[in-house]
Amino acid sequence: MGSILIIGAGISGAALANLCSEKTDKITVIDSSDHIAGNCFDYRDGNGIMIHRYGSHIFHTSDKRVWDYLNRFSGFNTYMHRVVAIIEGNEIPIPFNFNSIRMAFPKELADRIEHKLLQSYKYGTKIPIKDFMTQDDPDLIFLAEYIYENVFVHYTEKQWGSSSSSLDGAVTARVPVYLSRDDRYFQNTYQGIPLEGYTEMIRKMLDRPNIEVKLNTSFKDFDSSGYDLIFYTGPVDELMDYSLGPLPYRSVHFKMETYDREHYQSGAAVNYPNNYDFTRIHEYKYYLDDKSDRTVIAKEYSEDFVPGKNERYYPVPSEANRELYARYLKIASEKYPNMRFLGRLGDYQYYDMDKAVARAFQVFEEAMQ
Ligand code: UDP
């Protein structure tokens, strides 16, 4: 494969570096920040609580290949994520499921809705909220509107700001109605948190004699001329000096708070679709069952990404943005013919961690051909 330069030491860059390390002698991984692991970065604070600096990361996949691969670098616990939303002051499990229906509505109405749902759909299926609203039944329309109003629309406005109206199905499909009593947020075969954290897992992926990691090093200041292949996991608009204008991203401000008590809330994740300016509160000690008299929470405030002010978190999925990305990809590939792109930023895709690793496999295999 020759010598390889990888820009970005997040989960995409680290997986790719690790895969390439079997096939080539020299791999350099550079990252402009002062740590590895990208937005998966975590650390134990003074209370012994594992903090996810860039927001909660909950690993879940049904891809056995990805799961087996990551288990080479870390054990995982069997944490299964549950989310409740505060709706009319009550904690209701989301995605909205049969338990949620029973908690939100009087018994007679709940019975009727459950019965009608099972007449139209199969038990155990997930119905994206949009499909659901087209049903010609007053009770089902009521349910759809209730969920739309109480779970979806205000949360989405807070999370995505002015871009929420042009978002496509990729986002709305993430909020299904789940015809089940399963309160878990994910139904994947494999779920869990790396026992020593994501940073340690990623450190092990990079810990090969032929991988050199350089932090605080940006691509612009780095002499890349001697490398045969370059893999870029960063933002393509920045790479091209924003020549076509900025690619939109959403960012998040995390307001961390420490409390002198064992727990702050009932579980790791409480969403606030309709109250307050933050979208949700995560309580970190739940993930690894950290023991401490104290607890640390993060209130999440969504905001637009502004270069130099905050970090990129979410590409904003819309047709116009994908077109802009495609134009950037074209001019970037012309300027750097030996460069390949991957990762949430490099591909401008709202990847979960398992998808980022699967994409690293794919890019690796393509490069090997
Ligand atoms: N969402 C919502 N209400 C909620 C939680 C999520 O409407 O209580 C929508 C919202 O549009 C959000 C998307 O679902 O952007 C995905 O949210 P999720 O928490 O699954 O993704 P994450 O932000 O953790 O990547």
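Ligands are counted one by one from 1 in listed order, and the atoms in each one are counted from 1 as well. In what follows, every heavy atom counts, from backbone to side chain, and hydrogens, waters and symmetry copies are set aside.
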Donor-acceptor contacts, no H, no angles, side chain residues 268-277, under 3.5 Å, sequence neighbours left out:
{"residue": "Asn274", "atom": "ND2", "partner": "Asn150", "partner atom": "O", "Å": "2.9"}

Practice item. Indicate whether any N or O donor in one side chain lies under 3.5 Å from an N or O acceptor in the other, for Asp354 and Thr61. Key: yes

Exercise for review: Indicate, as side chain, backbone, both or neither, the part of Ile94 found under 4.0 angstrom from ligand 1 when only non-hydrogen atoms are considered.
Suggested key: side chain

Closest to [atom] (judged by heavy-atom distance), picking from [options]:
atom: atom 20 (O) of ligand 1; options: Tyr148, Phe152, Tyr185, Tyr314; result: Tyr185
atom: atom 8 (O) of ligand 1; options: Val83, Val252, Asn271, Ile92; result: Asn271
atom: atom 24 (O) of ligand 1; options: Glu157, Arg280, His57; result: Arg280

Review point. Do Val151 and ligand 1 have an N or O pair less than 3.5 Å apart?
Key: yes

Practice item. Would you please test Glu323 and Arg327 for salt bridge (Lys or Arg N to Asp or Glu O under 4.0 Å) and show each step? Key: CA-CA 6 Å; Glu323 272 168 27; Arg327 288 170 58 212; over 6 Å; no

Revision key, fill the gap. Here the atoms of ligand 1 under 4.0 Å from any heavy atom belonging to Trp160 are 11 (O), 12 (C), 15 (O)

Point to revise | Atoms in ligand 1 with a heavy atom of Tyr350 nearer than 4.0 Å | key: 16 (C), 21 (O), 22 (P), 23 (O), 25 (O)

Review point. Can you name the residues that form a side chain to side chain contact (heavy atoms under 4.5 Å, CB included) with Glu257, not counting sequence neighbours?
Key: Lys255, Tyr259, Ile297, Lys299

Check your understanding: With ring centroids as reference points, do Phe254 and Tyr313 lie under 6.0 angstrom apart?
Key -> yes

Exercise for review: With side chain to side chain contact (heavy atoms under 4.5 Å, CB included) as the test, would you mind laying out the steps for Tyr43 and Thr199 before giving the verdict?
Suggested key: CA-CA 7 Å; Tyr43 63 96; Thr199 308; over 6 Å; no

